[in-house]
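Data first, discussion second: the structure below is written as structure tokens.
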Amino acid sequence: MGKTFAVIGDPIDHSLSPNIHSAVFRELNLDCSYIAYRIPKGELKEGIDGLKKIKIEGFNVTIPHKIEMMKYLDKIDESCSLIGAVNTVVNMDGILKGYNTDMDGFLEPFKKKKLNIVDTKVLLLGAGGAARAIVAGFAKEKAKSITIANRTLENANNLSEFSKKIGLSATGIKIEDVNNSVKDYDIIVNATSVGLKNEPSPISLEGINEKTIVYDIVYMPMNTDFIKKAKEKGAIIIFGYEMLLGQAARAFEIWHNMEAPYNAMKKALFGGF
Ligand code: ATR
């Protein structure tokens, strides 16, 4: 019998994960299917019971369940316990094991492009769930320091405490206080949701140069205003879809125990844009 996979979240109809995974099943002739399953906030337990009933093989977890899902896991991978959030689950006869592939997915483009993180100064915009996985990634790869700039200072300070706890020197500031300090950073990452609705860049990029790495985790639209401004300065760009593909590839490898066909995934993703 074929294996079934899913992505759960709400809203879920714009998720590109079904496109990516289904295309790969076709490419590799795997007898599997991947569905998008809307589970509203507050109905996670019932939703998971339903998934267990249909003997789901594995599933991805997205907004708003990434943190609450931790409660329903029987086993927790290291990546997951470190970040405190889960985005990939394996179901072994009713035993659920959780992983977090956001951190590795975030780091993948640096590895693919051989871009250095060791000893760099990082400016991170945002302090939500995604930002937490990113902080863990920079700590793992031994960045020198991170400045976390956020609309709500308290959230920036909390994330900065987490960063220090895992060994990465950190400061929290308000996003409007970034001002002209962008030139002081080697890597600038947008992990806020600003850009999803075509809003202007959350900060000015005046002062960056062609050595600055600018990374937007917003993948839709692909060319956010933040990315456009970085391009004008000739900066090194990493697009949000690169992280999306990275985390999908890692999830694929966890579920199927084989290397993910990255190019087929990329082709499928671009069909979705
Ligand atoms: P995700 O899981 O994608 O990280 P999240 O946890 O809801 O989503 O985090 C969203 C981030 O975008 C937060 O840093 C949020 O700032 P606050 O902590 O102040 O809420 C930020 N954000 C959302 N809308 C924003 C806006 N209009 N301007 C600036 N920052 C915004």
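Along the sequence shown, residues are numbered consecutively beginning with 1. Order of listing sets the numbers, starting from 1, for every ligand and every atom in it. Given the structure is predicted, the values throughout are model-derived calculations rather than measurements.
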What do the steps show when you test K140 against D104 for salt bridge (Lys or Arg N to Asp or Glu O under 4.0 Å), and what is the final call? CA-CA 10 Å; K140 182 179 170 212; D104 287 340; 3.6 Å; yes

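- Per-residue contacts place G126 under 4.0 angstrom from the following atoms of ligand 1 (heavy atoms of the residue considered): 14 (O).
- In the hydrophobic clustering, F226 connects to L123, L125, I173, I175, V178, V182, Y185, I188, I203, L205, I208, V214, either directly or through intervening members, whenever side-chain heavy atoms lie under 4.5 Å apart.
- Distance remark: protein heavy atom present below 4.0 angstrom from atom 27 (N) of ligand 1.
- Residue contacts with ligand 1, taken as heavy atom pairs separated by less than 4.0 Å, involve T152 via backbone and side-chain atoms alike.
- Ranking protein heavy atoms by distance to atom 4 (O) of ligand 1, first place goes to A130 N, 3.0 Å.
- Looking from atom 13 (C) of ligand 1 to the surrounding protein, the closest heavy atom is N150 OD1, 3.9 Å.
- Contact annotation: V194 has at least one heavy atom less than 4.0 Å from an atom of ligand 1.
- For atom 20 (O) of ligand 1, the closest non-hydrogen atom on the protein side is R151 NH2, 2.8 Å.
- Ring orientation note: the planes of F5 and W255 are tilted relative to one another, at an angle of 30° to 60°.
- Looking at heavy atoms from C-beta onward, N60 lies in side-chain contact with H21 at the 4.5 angstrom threshold.
- From the protein, the heavy atom lying nearest to atom 6 (O) of ligand 1 is G129 N, 3.0 Å.
- Considering backbone and side-chain N/O atoms, A127 comes within less than 3.5 Å of an N/O atom of ligand 1.
- Remark: minimum distance from atom 23 (C) of ligand 1 to any protein heavy atom is reached at S193 OG, 3.2 Å.
- Under 4.0 angstrom from ligand 1, the non-hydrogen atoms of T192 come from both its backbone and its side chain.
- Within the structure, the closest approach of P202 to ligand 1 does not fall below 4.0 Å when heavy atoms are considered.
- For Y72 and H65, the gap between ring centers reaches or exceeds 6.0 Å.
- Nearest protein heavy-atom neighbour of atom 8 (O) of ligand 1: I63 CD1, 4.4 Å.
- In this structure, the ring of Y215 has its center less than 6.0 angstrom from the ring center of F106.
- Between E108 and L245, the closest side-chain pair of non-hydrogen atoms is not below 4.5 Å.
- Between V7 and I12, the closest side-chain pair of non-hydrogen atoms falls below 4.5 Å.
- Side-chain contact check for F252 versus V24: some heavy-atom pair is nearer than 4.5 Å.
- Closest to atom 5 (P) of ligand 1 among all protein heavy atoms lies G128 CA, 4.0 Å.
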